[in-house]
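These notes concern the structure reproduced below.
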Amino acid sequence: MNKKISRFLAETVPETPCLVVDLDVVAKAYDMLRRYLPIASVYYAVKANPAREIVAMLAEMGSNFDVASPAEIALCLANGATAERLSFGNTIKKERDIAAAYAAGVRLFAFDSEAELDKLARAAPGARVFCRILVSCEGAEWPLSRKFGCTPELAVKLLCRARDRGLDPYGVSFHVGSQQTDLGQWDGAVASAAAMFSLLAKADINLRMVNIGGGFPAQYRGDISPVSRYAGAVTAALTKHFGNQLPEIIVEPGRSLVGDAGIIQTEVVLIADKGDGGKRWVYLDAGKFNGLAETMDESIKYRIETPGRAGETGPVVLAGPTCDSADILYEKADYRMPLALRVGDKVEIQSTGAYTSSYASVGFNGFPPLRTYCI
Ligand SMILES: *Cc1c(COP(=O)(O)O)cnc(C)c1O
C-alpha cells in the first residue's frame, strides 16, 4: 500500500468512491521510461487519465501528448504543453476538429483510411501524417485490434497518396494492445513498419518516424515484467529491423505511466447471501459505470484489499451499486474476501490510476462520476 495515499485517506476521509493518484509515482514511471527507452520521445496518452495535475506535471517534465479530441487538445494547451508537442492520434476525427487543431498549431496527425487522409489533406494542408497499421494484439489483456489500422499494403498506397495530396508522409504507427503481456509482440509490428520504409523508399518517399504506441502494463493480479525488459524488447526489435538507421521513435504510454499511481477507495454497501448455496455477493459503491469499466468481460483483474480485515476468507461475487445487472465486476474470476467483512468497510482497489476516472459515466442512476484527488 502506498504510504502517501494511506496518509491522505486517513487524514482527509474523502467521500467514497474516489480515486487518489500519487503524482510522485507518475513522475517516477515517466523517469524510468525515459531512462530505459532513451531512443523514444514520450507522448502521454491523455485518455488514460486526463487529470489536470497529471497533464501539467508531465508537460513540465518535458512530455509530449497523444490527444484524441478538441477537449484533450484544449486541456494540454491550458496546462503547459504547446501545440507542437501534440499528436492528434485518433484515426477517427471530424473534419472541423482537424481544422480547429490545425488552426491551434497542431501539425502531427494519424490516419488509417483514405477518407480520413482526404479530410487531412483539406483541413491540415502540409501537416505531417502517419498511418496506423493493423497488428494482432495477441497477449493483450485489453486489445485494441480491428477497429484501428489498415494492412501495411494499403498503408503504403495511402502514404503515397498523402504525398500526392500535399501532406508530409511522416511515418507509421501501431499499438500492440493495452496491458500487453507478451514481450515478443513488438518484433512483428516493427518488422512490418521497417518493410514499409523500404517499399516507400522505392517510391521516393523517405519515412522518418515509427510510433510504437502504448501497451506497457500496470501491476494487476498477474505477474508482469519490469519496464526495463519491455524497453529492452522494443529496442532489440528496432535495432534488428532498422539496424543503425533508426528513425525518430515515438512511444505513447497511458496505462504504464498512471496505472500504478492510483487507488480507488470504495465502501461495502451490501453483503448478500442469495440462499442458493453460491458465493457471497459483495456490493461496492464503485462499479462498471463509475470507474471500473475495464472489468468488462473480467478483462482487467485489479488487486483488491480490505484494510483492517484479516482472517479466514471466502469466495465472493463483486458487483457495483447500480440497478443494472451488467454492473458485476467479477463473478468467474476467483476473488476472495475475509468472512469478517462488514457493510460500511472500506475496500481499496489497487493500480486504478488508468482508464477509471476517464471511463466513469456522468451519472448513471444518479451516481456521480468518480472524483479524483491528485496528491
Ligand atoms: C490508448 C492509446 C495509447 C495508450 O495505450 P496504453 O496501453 O494505455 O499505454 C497509445 N496510443 C494510442 C493511439 C491510444 O489510443
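Heads up: numbering here begins at 1 and tracks the sequence. Because only heavy atoms are used, hydrogens play no part in the values below, and waters and symmetry mates are left out as well, while side chains stay in. Order of listing sets the numbers, starting from 1, for every ligand and every atom in it.
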Q) Apart from Ile328 itself, what residues make up its hydrophobic cluster when side-chain heavy atoms of I, L, V, M, F, W and Y under 4.5 Å apart count as a link, directly or indirectly? A) Leu270, Trp281, Tyr283, Val317
**Q.** Within the 6.0 Å centroid threshold, strictly below: Phe130 and Tyr170
**A.** no
(Q) Could you check whether Asp273 pairs with Arg280 (Lys NZ or Arg NE/NH1/NH2 to Asp/Glu carboxylate O, under 4.0 Å)? (A) no
Q) Does a sphere of radius 6.0 Å around CD in Glu248 hold more than 12 heavy atoms from other residues, nucleotides or ligands, not counting ones at 6.0 Å or beyond? A) yes
Q. Can you list the residues that meet the ring pair (Phe, Tyr, Trp, His ring centres under 6.0 Å) rule with Tyr102, with sequence neighbours excluded?
A. none
Q: Sort out the contact shell of ligand 1: every protein residue with a heavy-atom distance below 4.0 Å, listed by chain and number.
A: Ala45, Lys47, Asp66, Arg132, His175, Ser178, Gly214, Gly215, Glu252, Pro253, Gly254, Arg255, Tyr355
Q) With sequence neighbours left out, what residues match Thr322 under side chain to side chain donor-acceptor pair (under 3.5 Å)? A) Asp327
